[in-house]
Amino acid sequence: MTAADNLELFARMARIRAFERKVQALFKAGTLPGFVHLYIGEEAVGVGACSVLTEADKITSTHRGHGHLLAKGADPKLMMAELLGRETGYCKGKGGSMHIVDYSLGILGANGIVGGGLPIATGSGMADRILGRDQVTVCFFGDGASNQGVLHEALNLSAIWSLPVIFLCENNHYTEWMRTEEITAGEIADRAEAFGIPGVQVDGNDVLAVRDAAAEAVERARAGGGPSLIEAETYRHHGHNEGEEVFSGPYRPQEEIDEWIARDPLARFRDECVKEGIATPAEFEQIQEREGDLIEAAYRYAEASPMPAPASALADLYAEAE
Amino acid sequence: MTAADNLELFARMARIRAFERKVQALFKAGTLPGFVHLYIGEEAVGVGACSVLTEADKITSTHRGHGHLLAKGADPKLMMAELLGRETGYCKGKGGSMHIVDYSLGILGANGIVGGGLPIATGSGMADRILGRDQVTVCFFGDGASNQGVLHEALNLSAIWSLPVIFLCENNHYTEWMRTEEITAGEIADRAEAFGIPGVQVDGNDVLAVRDAAAEAVERARAGGGPSLIEAETYRHHGHNEGEEVFSGPYRPQEEIDEWIARDPLARFRDECVKEGIATPAEFEQIQEREGDLIEAAYRYAEASPMPAPASALADLYAEAE
Amino acid sequence: MTETLAKDTYMTTAIAGALRAAMAADESVVVLGEDVELSTIGCTKGLVEEFGADRVRNSPISEATVVGACVGAAASGLRPVMDLMFSSFFYVAMDQVANQAARLRYMSGGQVDLPLVYFAGTGPSGSAAAQHSENPHPILMHLAGIKVVFPSSPGDAAGLLIASVEDPNPVVFLLDLMLAGAKGPVPTDLEPLPLGKAEVKRSGEDVTVVAIASAAGTALEVAAELEEDGVSVEVIDPRTLSPFDWDAVTDSVARTGRLVVVDPARRTCGAAAEIIARVAERNWADLKSRPRRVTWEDVPIPFSPVLEEAVTVRKDSVRDAVLAGVEEKGAG
Amino acid sequence: MTETLAKDTYMTTAIAGALRAAMAADESVVVLGEDVELSTIGCTKGLVEEFGADRVRNSPISEATVVGACVGAAASGLRPVMDLMFSSFFYVAMDQVANQAARLRYMSGGQVDLPLVYFAGTGPSGSAAAQHSENPHPILMHLAGIKVVFPSSPGDAAGLLIASVEDPNPVVFLLDLMLAGAKGPVPTDLEPLPLGKAEVKRSGEDVTVVAIASAAGTALEVAAELEEDGVSVEVIDPRTLSPFDWDAVTDSVARTGRLVVVDPARRTCGAAAEIIARVAERNWADLKSRPRRVTWEDVPIPFSPVLEEAVTVRKDSVRDAVLAGVEEKGAG
Ligand SMILES: Cc1ncc(C[n+]2csc(CCOP(=O)(O)OP(=O)(O)O)c2C)c(N)n1
Ligand SMILES: Cc1ncc(C[n+]2csc(CCOP(=O)(O)OP(=O)(O)O)c2C)c(N)n1
Ligand SMILES: [Mg+2]
Ligand SMILES: [Mg+2]
């Protein structure tokens, strides 16, 4: 890891943070269609994991996907345009927050169905294995998703076929407004063991720790050693979705929130870097400013883009045979 | 265990064997509608487990369900009539081999969907727990079914709610014509561990071993100690379904079949009992004869029963509100 | 008849009230689902405080097993009401709905009652996109073995929910999310409204409009507007789609001779197709013009507001269809 | 045109041959599913010997994940053909069919092709009972985003399977189990038959019978019988239900003025309802009598042979419907 590598990790986390803050503001202003789930507080997971992937590697994402996508290299302009329902968005306005994909970057898709990405990632790994490619697929899923049966099936299938898939559980301790531990037996990482799959727990607010765990799993997968399960412990600073307060009321202890904010993955990584002399606080501020500008530019691009033509709603369902 | 208890266990296994032999003969003669999956070779599992249940306890069964049902006390007459599609059958001819139920005996149903009984058993346990009853539910499922995601979900739900459910996997090593170990990672019994559920393996051809394991699990469940997983190793002497040879060809090594037939659960238990002086070979023969007669009588009853009226096909879909 | 609880009760409040009444009336009624304690839609709010954690339980995201557990529980003496949150999630649990809940009574030769309710918010709710905007009623109607309730007003919702919980069969109760913020009168003294009874929401002479759930309101607006143009529109709200009150539709078309069906669902093999087919079978001699339907386009629901609007039921399409039916010369 | 491979090729053999040809033509075609090596129905028999275990793989009983894996694999360069064995098992995997396979291309704004085929035996096969006898085509038609192929002859099946594998979209290919033992000619030199093209299986003047899958054979028998009574019946086999060849039906009804739809599926919201609704929309002025349908009853398929027969499509019902249509005085 060079200094530049470290700053690159920080920059990507800062990009996600800035993107989500902008989305939050837009939601509050009432200019965002639909509903959104923000990744603020969890940036180290997506960035740490994607930092060891090549462009040819693939990910599947979730309803809380903006961070994964940006970490994998998605274009904030096209994302923002999609969130605003514009013609220039990644999906021409058809997908929205929960359905952004960029196949050219190996982003097989956010997903509105909790657990929906688990089978898809398994199939992606199957293709790579059969076609003899050394690509890997990282499957992001939540602690809530860990109770979907497809996890069991995907682990089994990946194990018997030795698929190059990394199952990355972002355990932010909540399933919507439910404490996950109240509806979940045992530790999620342990669910790999019965299938003979290595399962580890890692500090999800430590970008280097996530990176290391991911690197090990990716290396194993590329070498034909099969799947891994990583459980990254983290926390969402925001609600399950923006605007939830009206319905949910407070459901998390304030001390818990404060504790996790004190472990903010960006501030923490910056402070460590500063301590180790990798960069100065001013340099970090510059990075944040640069990324903030990038997001503002993305917003301006999106805002200036036209809405799709109504008739375009009928297009894109089927591909034409050649 | 009195001598009578032992003979009762044998008698029930003999009843199942006789029933299945009759069904086999009927299938061969072409007089049985549909297709059937025989339980021959696995009798010790159903009988051992059900021998520790009360009439109020419940079971869910599978496509290979005749043995479970008879073990839980189902009436061979009504079963045979159902298999022959008669009006007097358990389901008035609407269900057939894979859908026999007897709610009065806690038989919540055979099931044509592999894994279909896992959620139902979980709900049965939920009802008992909420209603404060000390009943338990035994959920029979196969090694093939262990790869359905609902197993994972049912284990989790039963664990967090401490439900009185015994998940009893009959591992006969085959999923139709596939060797289960080739499509299954790890040991099935180990799949309980991550949920904090006790999981044990037991010799499924030893009726007393199954009975003991079931007794322990049932006791725990009744005492509020929650679910258990038991994996009973066994073997089906017959094909997946009768008549398969035409399509499957041979797919199991003859030595394997021979080995397991040598461990036949009936012969083995009889020999042990004889050795321990519990009964004489002649007494066992008498039991087998008696059970054989019972099944012949069941067949005569079924055979003499009328086919349902065609118009009855439109009845029974909905219950009338009182 | 009972007096109204309030002239202005929200749909969600009406449903919550009905659920509370049903739980109070029968101890075996339990509520389960993801976040039923705090309640994302609001229909189960406050129940846990009133009835305790045994009868109101948050469940993990395991739709297949929780849906199936309701079957096992209903066969064992409970009356479960499960909240699936969004009806799109039925697909995750479809085996337990289609192969189990809808089949077990029939396959058993009528041995068992399965008194259970699957509740879900449904349909577009404003850019929720394809995986949170399905209306599954045509699929559920096709399955057979499951009753389907899909009301258009708070009063109907309350009465039909009471009846759904009391019914000895599996019932899917759908809350059209377009109506979550709708208000209307609800009787204080809740009584069950029979499943399988349509309501004529407005009487008319020239054309019968059968309009499902939120489409009923759209149809009523169109009817009011067209009255000024001298067109008399009868609006029928089926309220329950399975069982379906075919006689109500037949009787109306026998008088008006014209039919427009407004169905908030994709067109192909939808409820509108079925209603038109039945009317063709039953009212052939009555029909003065071809039956018409206004439905969603045959695509998933897109995200962008302009696209969502383009593929769903619009008032102008309903108006056009009614007018086209009235203006068309008799033929056929 | 090519010469026939054999006059008497079994449906299953024709499908197996087409699959072999498709695998030989394109290395990215893989086959997976439970027991595809030995093949319970016979359609994947011998493939593993020819193409190896990498391209033909037995999968565990995990339908949801295997169905979904096909989506991920198709997005990553493979052309998976998955054998689901019985179509009733679609329900277990319905989320991955309805929310994923049928949606991902559209939701992505057309970014991705998903060339995959879900193959399944379907419908009653003789007392297989409710959980092994579904015909899911009406539900699949309603979903949008999935093509649905449901042929009636070995020749059609072979050509349509080639086209299904070549198609860049998700396709459900259904083998009517009533036809598993049927025989017919198949060209040696297999060529794709276009999806979305119906075939007039018999020309006639008096009435159009649209008959799906095994019902086509029933309709042809009835047509032959009625010829002796001086009734001229046109039989159209849609062959693919999505896309549907509406023009073929419209053109025929424009000539005959009468319609009977024979659909082996439960009645409500079935394919027959849709065809009648479309014809009412398109052919109103042509219709000389009310359109009729012959379908299954709205119940699960029961086990006992006498009951199974009572609720499914019977020849006498088809005959009665055709005659009733011809005899009915024009009205409407
Ligand atoms: C199949 C399905 N069930 C329920 C939901 C509703 N839902 C959306 S997000 C969510 C919680 C997911 O929790 P987790 O997996 O921990 O992800 P997190 O939101 O914490 O990132 C739920 C229940 C859904 N979208 N899909
Ligand atoms: C959901 C589903 N998938 C596939 C099948 C077809 N099928 C019937 S039995 C069976 C094998 C089941 O194996 P196992 O659970 O080990 O039970 P066994 O037959 O060995 O008793 C399969 C694949 C089915 N009935 N249901
Ligand atoms: Mg979470
Ligand atoms: Mg087995």
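Each chain gets a letter, A, B and so on, in the order the sequences are listed, and its residues count up from 1.
- The greatest number of non-hydrogen atom pairs below 4.5 Å with chain A, out of C:Ser127, C:Ala129, C:Ala128, C:Pro305, is found for C:Ser127.
- Contact annotation for A:Thr184: neither backbone nor side-chain heavy atoms come within less than 4.5 Å of a heavy atom of chain C.
- Proximity to chain C (any heavy atom under 4.5 Å) is shown, for A:Asp316, by neither the backbone nor the side chain.
- Per-residue counts of heavy-atom pairs under 4.5 Å with chain C were compared for A:Ser146, A:Gly89, A:Gly96, A:Ala145; the largest is that of A:Gly96.
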Derivation of the ring-ring contact (aromatic ring centres under 6.0 Å, His included) call for A:Tyr39 and A:His66: CA-CA 7 Å; A:Tyr39 199 61; A:His66 307 163; 8.9 Å; no

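- Comparing C:His132, C:Glu63, C:Glu34 by how many heavy-atom pairs each has under 4.5 Å with chain A, the most go to C:His132.
- In plain terms, the two heavy atoms of A:Met79 and A:Ala74 that are nearest each other are SD-CB, 3.7 Å.
- Of the atoms belonging to C:Thr65, not a single heavy atom falls under 4.5 Å from chain A.
- Interface remark: of the candidates A:Leu83, A:Leu317, A:Asn147, A:Asn147 forms the most heavy-atom pairs closer than 4.5 Å to chain C.
- The residue among A:Glu182, A:Glu176, A:Met178 with the most heavy atom pairs within less than 4.5 Å of chain C is A:Met178.
- Contact annotation for A:Ile113: both backbone and side-chain heavy atoms come within less than 4.5 Å of a heavy atom of chain C.
- For CZ of A:Phe247, the number of neighbouring non-hydrogen atoms (other residues, nucleotides, ligands) closer than 6.0 Å is 12 at most.
- Looking at C:Tyr91, there are no atoms closer than 4.5 Å to chain A (heavy atoms on both sides), in backbone or side chain.
- Taking the six-membered ring for Trp and the full ring otherwise, the centers of A:His63 and A:His240 sit less than 6.0 Å from each other.
- Heavy-atom contacts from other residues, nucleotides or ligands closer than 6.0 Å to OH of A:Tyr318 number more than 12.
- Panel note: side chain C:Ser39, backbone C:Thr44; a donor-acceptor pair is recorded below 3.5 Å.
- With a 4.5 angstrom heavy-atom cutoff, A:Ala311 does not touch chain C via any of its atoms.
- Using a 4.5 Å cut-off on side-chain heavy atoms (C-beta onward), C:Val81 and C:Leu116 make no contact.
- Ring planes of A:Tyr251 and A:Trp177: tilted class, angle from 30 to 60°.
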